[in-house]
Each structure stands twice: as structure tokens, then as C-alpha cells.
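A short write-up of the structure that comes next.
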Amino acid sequence: MCGIVGLFLKDKSLEPQLGNLLSDMLITMTDRGPDSAGIAIYGGSAEGKAKITIQSSNPEADFEGLAVDLEKAGIKAHVWIKSTHAVIELDASKLGAVREALERIRPAVRLMGSGESVEIYKEIGLPKDVVKRFDVRAMSGTHGIGHTRMATESAVTTLGAHPFSTGVDQCLVHNGSLSNHNNLRRQLIREGMTFETQNDSEVAAAYLTAEMAKGKDLGEALTGALDDLDGFFTFVVGTKSGFGVVRDPIACKPAVMAETDQYVAFGSEYRALVNLPGIENARVWEPEPATVYFWDHDKAA
């Protein structure tokens, strides 16, 4: 069943509240997905810096001395630990190098997401517990997406939780099921993509990453997905500056959107939106089937 939420802020004065607002939205969707939960916050970083979020099943061992070991590998970085996750901040030019270094010095850690802006936290458990564990309410940012999972086709694991990130500053949450993901996975592997799981939603994320690598923006990549992806899906997707929504042509999965001068919001159900500021004056609608909705901070500037 699964629950999806997303919030794209137009009003900078709301940015300190992003984590708190998204947390309430996510927790409201608990009964749609009590198995695991995840959230992506786009909050930016210092100029010339990038971030990589990692996860470990043994954080005490994997995170202890990590900054020192990275420096020995020629990478100067700051490391912030949040429970089973850690955020590594470093020069943007070292983003590729740190991935290679982690494979050598911390082979057990898993990459959640990376880029100049995004941080991704996801774990098994109720949304309220995931929110508390990673102190999501205290986070600020420009936009974010979240997911509560009810597993139907794969195991309940941290890696199987959403969001899925397969590209720099890109991530996706999904409600539905794809029927052609195995063929598409093989095609994407031939094109150089790699996969951590057998989850169909990771294939959708990788498809969008591959399309954007060809020069498409998020809106154009989502339009292509309508032709190339088979099955039932509602996607909410984030990029460094963008926020997109698309539903398959049948659109059997629930979805509602709201827009004001301050924000654009998405929820699997309206009750996820009811506590947003000014929601009583928002334009509220059900997104149309096979229609791409796309907002971008850079294009609006």
C-alpha cells in the first residue's frame, strides 16, 4: 500500500520548519506503511562542499575514527553521526574518491545518497521512531520527500526502504508495482548503472538518473517514464533544485496535491496535508493520470 509525502517550499521563511512539517506528514501515513520509513531533505551545503549519507548495521565499529581513516586516504572530511547513519561533508571534487575509499576502509557501510544538497535517512520501524532516531524535526531545507513502506514484493530491510537514490542529488519514492523492472534493470546495467537491491522502485530511480544523464531535466525524464515503465506507479522525485510528481495512465494509487504561494505539497491522502500552514486556502487537486507535475527552484528564479 505505502504512503508518500513531499513538500517543496517557495517561501524561504518556512525553510527552518521543513523537517518538522515533513515529519508530521510522514507520521500521518503510518497505517499505509508501518514496516519502514525514510525521508530525504534537501538542505544545501557550504559552497564547494558535498555530502554523502551512509548507513551501517554496526555504527559503533564503522563510524569510530572514520574521519581519521579518510584523512589517511587523502580525503579531509567532517563526519556527523546520527544513530545508524552518518553524514560526511567534504570538498565536492572528492565525492567520487570518497566512494572508492569507503569501499576499501569501510566495506560494510551502505550509501544512502550523495550530492551538494541531499541527506537521506531510512530504517526499519514505525515512521515516528525513524523521525525521532534521526532528529528529522530539527532539519531545515528547501524541499523534501518521504515514504512509509508496506512491503509486498521484497524483504523488509533498510536498503529496501525508500527513498532510493541512484544519482547525485536525486531520489525517488514510489507507491505501486512495476511489471517490466527486470528487463529494464538488465538494460540499465548494460548502460553502466549499478543496483543494491532487487526492488522495482530502485529500477525506477535508476531509469530517471540515466535519462537525466542524457541531458533531460526531471520533467522530461518523468515524461519518458510514462512510455518506458509498465505497471502501477505514483512517483514523487527530488533533485537538487527540483520536485516532480507523476502517476501512471490508470492512476489507481491515491494521490492529492496542494499549492499555495508558500509551498507545493503531495500526500497519498489529504490527511497528510491538513496541518500545513494555510492549507485551508490552498488549491487542492488530485493529480491527473499520465501527467507530469514539475517545479524547480532554479527555473523559478
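The structure displayed is predicted, hence computed values, not measured ones.
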query: Between Y121 and R133, is there a cation-pi geometry (under 6.0 Å to ring centre, at most 45° from the normal)?
result: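 No, R133 and Y121 do not form such a contact.
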
K122 NZ/CZ over F134 ring centroid, <6.0 Å and within 45° of normal: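 No, K122 and F134 do not form such a contact.
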
- request: Take the angle between the ring planes of H162 and H147 and call it parallel below 30°, perpendicular above 60°, tilted in between.
  value: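 Ring orientation, 0 to 90° scale: parallel.
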
query: Is the W285 ring parallel, tilted or perpendicular to the Y293 ring (thresholds 30°, 60°)?
result: tilted

Taking only Lys NZ, Arg NE, NH1 and NH2, and the carboxylate oxygens of Asp or Glu, determine whether [X] and [Y] approach each other closer than 4.0 Å.
X    : Y    : answer
K51  : E119 : yes
K128 : D24  : no
E259 : R283 : yes
D217 : K299 : yes
R247 : E286 : yes
D248 : K253 : no
E116 : K49  : no

task: Give, for atom CG of L126 and atom CD1 of I27, the distance between the pair rounded to the nearest 0.5 Å.
output: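 Spacing of CG (L126) from CD1 (I27) equals 10.0 Å.
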
Gap between atom OG of S165 and atom CG of L111 - 0.5 Å precision: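 Between L111 CG and S165 OG, I get 6.5 Å after rounding to 0.5 Å.
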
task: Check whether the side chains of T209 and Q170 place a donor and an acceptor atom closer than 3.5 Å, and report yes or no.
output: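 Side chains of T209 and Q170: pair found under 3.5 Å.
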
Does [X] reach the side chain of [Y], with side-chain heavy atoms less than 4.5 Å apart?
X    : Y    : value
R32  : N175 : yes
Y207 : L184 : yes
R106 : L66  : yes
S177 : F233 : no
H297 : K10  : no
I88  : H78  : no
H85  : I54  : no
D169 : T239 : no

message: Evaluate M29 against V5 for side-chain contact (heavy atoms from CB on, under 4.5 Å), listing each step before the verdict.
response: CA-CA 8 Å; M29 292 289 95; V5 297; 4.0 Å; yes

For the [atom1] atom on [X], are there more than 12 heavy atoms of other groups (residues, nucleotides or ligands in this structure) within a distance under 6.0 Å?
X    : atom1 : answer
E47  : CD    : no
E64  : CD    : no
E191 : CD    : yes
N58  : CG    : yes

task: For side-chain contact (heavy atoms from CB on, under 4.5 Å), just list the numbers for L188 and R185, CA-CA rounded to whole Å, side-chain angles, deciding distance to a tenth of an Å, and then say yes or no.
output: CA-CA 5 Å; L188 290 167; R185 181 185 286 107; 5.8 Å; no

task: Would you check if the side chain of T142 reaches a backbone N or O of Y42 as a donor-acceptor pair within less than 3.5 Å?
output: yes

field: Among F8, F243, F266, side-chain contact (heavy atoms from CB on, under 4.5 Å) partner for I145
entry: F243

- request: Evaluate the criterion side-chain hydrogen bond (donor to acceptor under 3.5 Å, both in side chains) for residue pair T197 and E202; output intermediate values, then yes/no.
  value: CA-CA 7 Å; T197 75; E202 187 182 14; 2.7 Å; yes

query: For K216, what residues pass the salt bridge (charged side-chain N to carboxylate O under 4.0 Å, His left out) criterion, not counting sequence neighbours?
result: E211

